[in-house]
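To start, the structure under review is shown below, and the notes come after it.
In what follows, every heavy atom counts, from backbone to side chain, and hydrogens, waters and symmetry copies are set aside. All chains are named by letter (A, B, ...) in the order of the sequence lines, taking the proteins before the strands, and each is independently numbered beginning at 1.
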Amino acid sequence: MHRAPRGTADILPEQQRFWEFARTALAAAAQSFGYARIDTPIFEDAALFARAVGEETDVVQKEMYRFLDRGGQEVTLRPEGTAAVCRAYIEHGMQNLPLPVRLYYVCPMFRYDRPQAGRFRQFHQFGVEAIGDSDAAVDLEVLQLAAASMERLGLGEMTLALNSIGDAEDRPRYAAALREHFRPHLAHLGQDDRRRFETNPLRLLDSKELADESFTASAPRSADYLGDAARAHWEELLGSLDALGVPYRLDHTLVRGLDYYTRTVFEVHPAREGGQSAVCAGGRYDGLIAEIGGRPTPGIGFAAGIERLILNMREQGAEPPDAAAAPLVAAYRGARAKTEAARLAARVRSATGAPVVVAPERSLKGQLRYASAVGARGVFILGDAELERGAVAYRDMATGEQQEVPVEQAEDAARRSQA
RNA sequence: GUGGGCGUGGUCGAGGGGUUAAGACGCCAGGUUGUGGCCCUGGAGAUCGAGGGUUCGAUUCCCUCCGCUCACCCCA
């Protein structure tokens with residue numbers, strides 16, 4: 001028996017109302033901030049993500065789906081959205097648009113992880129990118145949009161964790177300070193952490209093993225190692241957040257697993273504790289576009305995991321409306337009426353736009369039962385008697401009222417019961 | 001990659017070394033001659049995840065594998 005591949009999921013009809021609602025609400029949030037939708041391919045040249053996300057990151061080293069296509073090109077299923085959007089920004093000369101360019105997307109992403117609650121190999125992200133302006137006002141806007149997105153979904157009790165990791169030029173000084181701090185404890189560190197000590201000491205900060213240890217809490221803070229420009233930017237951002245009363249929590253251990261981040265980094269967590277809690281995360285990436293071949297261009301954005309958002313919606317008891325309208329059913333008795341039922345169904349569909357299905361071939365009783373089971377609003381009944389008269393019976397399933405009308409007026413009968 | 005939990009009809013879920021392997025929901029049919037939702041009756045549907053071992057006998061005990069799931073790592 002075939003199953004959906006590990007880490008993938010069928011989104012079944014009964015779940016679609018959550019997805020419809022989430023996609024619509026998130027798009028509305030983005031659009032209300034002036035963001036326009038963009039879609040990029042599901043796969044890209046492998047080199048794009050390796051370069052943008054960073055060769056040393058877990059995402060690139062062990063989570064990317066990479067393969068050779070039939071032409072011998074190495075491609076990768078996109079593990080995240082930012083690099084692809086930046087590639088499109090460069091490729092289509094968007095620097096000629098009024099800056100910043102504001103874009104959003106809702107797309108599937110792929111990472112070869114071990115699945116668990118809120119984590120899948122194919123998952124979906126809502127993301128936004130504001131490219132071409134380094135002003136702290138844009139950081140503020142993106143943070144506001146993140147908060148607004150959660151609100152649109154009805155998710156309360158979210159906390160915004162915030163940090164600044166400075167510019168690329170500031171990084172070596174800070175990395176050196178971190179190494180200095182952790183060096184005495186090298187013996188306590190595991191294999192992975194020792195490698196990180198060399199390659200990317202920032203990552204030691206969110207090692208959960210070390211989290212309780214006082215030497216993580218007492219580690220030097222990136223925000224204390226900012227260069228003048230990054231510091232001014234950071235202070236302006238905090239000032240405007242305070243001025244607008246946007247709640248946030250400073251978290252100096254917050255660093256991100258993707259190498260392209262600079263300055264502002266943030267995560268949004270639900271109040272509930274637990275693994276995979278980050279429901280939305282992002283930051284500034286002022287070096288990324290130059291890194292992948294564009295002119296030096298600043299940018300900032302975030303991504304939110306739709307599955308995780310829906311998980312939280314369910315936990316909070318959200319009940320999104322069911323978008324699917326109740327259908328009409330065309331029932332019949334006899335071979336000739338069966339054909340007429342199909343004709344009637346077609347006619348009512350195009351006249352009203354309402355969903356109409358022809359009943360399966362069963363006893364009339366069976367057809368009515370079927371209509372009830374699928375939640376039909378009303379049923380047309382065609383039999384020899386009705387055909388003789390060029391008429392059709394229409395039964396309102398909620399009230400049980402039934403009347404006979406000329407076939408040409410069938411759609412009117414349906415409309416009446418709708419009101 | 002590592003560790004824990006779990007695998008019985010479509011779903012949920014009893015059971016237990018020898019049974020026709022419960023029950024519920026769902027599905028199909030019927031409850032007279034053309035009419036639903038409730039109710040009643042009947043029916044279809046399970047090699048009890050796979051392979052091996054112990055045993056006279058295993059779905060039940062043991063081992064391995066596979067799958068699902070949760071957690072670690074990391075991430076949305």
Side-chain angles (χ1 to χ4, degrees), chain A residues 1-7 9 12 14 26 53 56-64 79-82 106-127 146 149 190-193 195-196 200 203 206-211 255-258 266-270 274-283 301-312 329 331-334 337 359-387 393-402 404:
Chain A
M1 171 184 163
H2 291 288
R3 298 167 174 271
R6 186 164 169 73
L12 300 173
E14 67 262 27
L26 293 169
V53 174
E56 286 301 317
T57 60
D58 280 9
V59 168
V60 170
Q61 292 221 313
K62 46 184 219 192
E63 294 174 8
M64 285 206 315
E80 61 103 49
T82 301
V106 182
C107 298
M109 305 290 168
F110 305 84
R111 290 185 202 173
Y112 189 83
D113 262 1
R114 289 287 294 270
Q116 65 189 78
R119 176 198 289 161
F120 307 89
R121 289 183 174 178
Q122 176 177 340
F123 60 102
H124 298 75
Q125 284 187 337
F126 161 68
S149 302
Q191 192 85 50
D192 288 342
D193 284 338
R195 210 193 72 235
R196 289 194 197 102
N200 191 354
R203 300 234 53 85
D206 59 13
S207 164
K208 289 207 176 85
E209 255 185 339
L210 279 48
V255 296
R256 304 284 310 142
L258 282 55
F266 64 95
E267 292 181 353
V268 177
H269 298 262
Q276 280 74 54
S277 61
V279 89
C280 169
F302 68 77
I306 312 264
E307 286 84 353
R308 290 183 188 182
L309 291 171
I310 290 178
L311 205 61
N312 279 279
V329 169
Y332 52 87
R333 193 159 176 280
E361 185 162 313
R362 295 176 187 167
S363 65
L364 191 58
K365 175 189 201 151
Q367 295 183 40
L368 268 288
R369 257 186 193 156
Y370 171 83
S372 275
V374 300
R377 195 174 83 227
V379 178
F380 296 105
I381 301 170
L382 279 165
D384 293 330
E386 287 81 4
L387 287 179
Y394 177 78
R395 182 178 184 79
D396 183 302
M397 294 299 275
T399 65
E401 286 169 27
Q402 186 168 324
E404 190 170 304

**Asked** CZ of Arg121(A) versus P of rC68(B): gap in Å, rounded?
**Response** 9 Å

**Message:** Does atom CD (Glu14(A)) have a neighbourhood of more than 12 heavy atoms from anything else shown, all under 6.0 Å?
**Reply:** yes

**Item:** Between rA14(B) and rU2(B) - P atom distance, rounded Å
**Value:** 32 Å

**Prompt:** Say you pick atom P in rG26(B) and the same atom in rG5(B); how far apart are they, in whole Å?
**Reply:** 36 Å

**Message:** Would you measure the distance from the P atom in rU60(B) across to the matching atom in rU55(B) and give it in whole Å?
**Reply:** 16 Å

**Request:** Please give the nucleotide sitting opposite rU19(B) as a Watson-Crick or G-U wobble pair, both distances under 3.5 Å, or none.
**Result:** none

**Request:** Using atom CG of Asp58(A) as one end and atom P of rC72(B) as the other, report the distance to the nearest whole Å.
**Result:** 15 Å

**Asked** Just how far, in rounded Å, is P of rG36(B) from CE of Met397(A)?
**Response** 9 Å

**Asked** Which distance, rounded to the nearest 0.5 Å, do you find between the CD1 of Ile306(A) and the CE of Met109(A)?
**Response** 9.5 Å

**Request:** Name the pairing partner of rU11(B), where a pair is Watson-Crick or G-U wobble with both distances under 3.5 Å, or state none.
**Result:** rA24(B)

**Ala337(A) to Leu382(A) - nearest heavy-atom pair and separation** = CB-O, 3.5 Å

**Fill in**
In whole angstroms, the gap separating P of rC66(B) from CZ of Arg114(A) amounts to 11 Å

**Item:** Spacing between Gln367(A) atom CD and rG36(B) atom P, to the nearest angstrom
**Value:** 12 Å

**Message:** For a quick check, with a 4.0 angstrom heavy-atom cut-off, what is the B/S/- contact string for nucleotides 29-34 of chain B, read 5' to 3'?
**Reply:** SBB--B

**Item:** Pair partner, rA71(B) [Watson-Crick or wobble, under 3.5 Å]
**Value:** rU2(B)

**Prompt:** Can you check whether Arg6(A) has a side-chain N or O nearer than 4.0 Å to OP1 or OP2 of rC68(B)?
**Reply:** yes

**Item:** Sugar-phosphate, base or nothing in reach of Arg395(A), heavy atoms under 4.0 Å
**Value:** base

**Asked** Can you tell me how far C1' of rC38(B) sits from CG of Leu368(A), to the nearest Å?
**Response** 15 Å

**Message:** Could you tell me how far rU19(B) sits from rC12(B) if I compare only their P atoms? Round to whole Å.
**Reply:** 27 Å

**Request:** Decide yes or no on side-chain contact (heavy atoms from CB on, under 4.5 Å) for Met64(A) and Val53(A), but give the supporting numbers first.
**Result:** CA-CA 11 Å; Met64(A) 285 206 315; Val53(A) 174; over 6 Å; no

**Request:** Pick the C1' atom in rG67(B) and in rU8(B), then give their distance to the nearest Å.
**Result:** 15 Å

**Message:** Can you check the distance between rC48(B) and rA21(B), where both ends of the measurement are the P atom (answer in whole Å)?
**Reply:** 11 Å

**Message:** With nearest nucleotide decided by heavy atoms, which residue, Phe120(A) or Tyr370(A), maps closer to the 5′ end of RNA chain B?
**Reply:** Tyr370(A)

**Asked** Think Gln116(A) has a side-chain N or O under 4.0 angstrom from the OP1 or OP2 of rC70(B)?
**Response** no

**Prompt:** Partner of rA58(B) by Watson-Crick or G-U wobble geometry, both contacts under 3.5 Å, or none?
**Reply:** none

**Asked** Between CD of Glu63(A) and OG1 of Thr57(A), what distance do you get to the nearest 0.5 Å?
**Response** 8.0 Å

**Message:** Between rA44(B) and rA24(B), how far apart are the two P atoms, rounded to whole Å?
**Reply:** 15 Å

**Asked** What integer number of Å spans the C1' atoms of rA22(B) and rG15(B)?
**Response** 7 Å

**Prompt:** Side chain of Tyr394(A), backbone of Glu401(A): donor and acceptor closer than 3.5 Å?
**Reply:** no

**Request:** Could you walk me through whether Val329(A) and Met397(A) pass the side-chain contact (heavy atoms from CB on, under 4.5 Å) test, one step at a time?
**Result:** CA-CA 10 Å; Val329(A) 169; Met397(A) 294 299 275; over 6 Å; no

**Message:** Can a donor-acceptor pair be found, under 3.5 Å and without considering hydrogens, that links the side chain of Arg121(A) to the backbone of Arg111(A)?
**Reply:** no

**Asked** How is Ala371(A) classified with respect to the nucleic acid when contacts are heavy atoms under 4.0 Å: base, sugar-phosphate, or nothing?
**Response** nothing

**Request:** Would you mind pulling out the nucleotide paired to rC39(B), Watson-Crick or G-U wobble, both distances under 3.5 Å?
**Result:** rG31(B)

**Asked** Quick one: does Ser372(A) reach the base of rG36(B) with a side-chain donor-acceptor pair under 3.5 Å?
**Response** yes

**Asked** Can you tell me how far P of rG10(B) sits from CD of Glu14(A), to the nearest Å?
**Response** 17 Å

**Message:** Counting the atoms with a prime plus P, OP1 and OP2 as sugar-phosphate, which does Tyr332(A) contact under 4.0 Å by heavy atoms, base, sugar-phosphate, or nothing?
**Reply:** nothing

**Request:** For the pair Glu307(A) (side chain) and His124(A) (backbone), establish whether a donor and an acceptor sit closer than 3.5 Å, ignoring hydrogens and angles.
**Result:** yes

**Request:** Please report, rounded to the nearest Å, how far the C1' atom of rC72(B) is from the NZ atom of Lys62(A).
**Result:** 10 Å

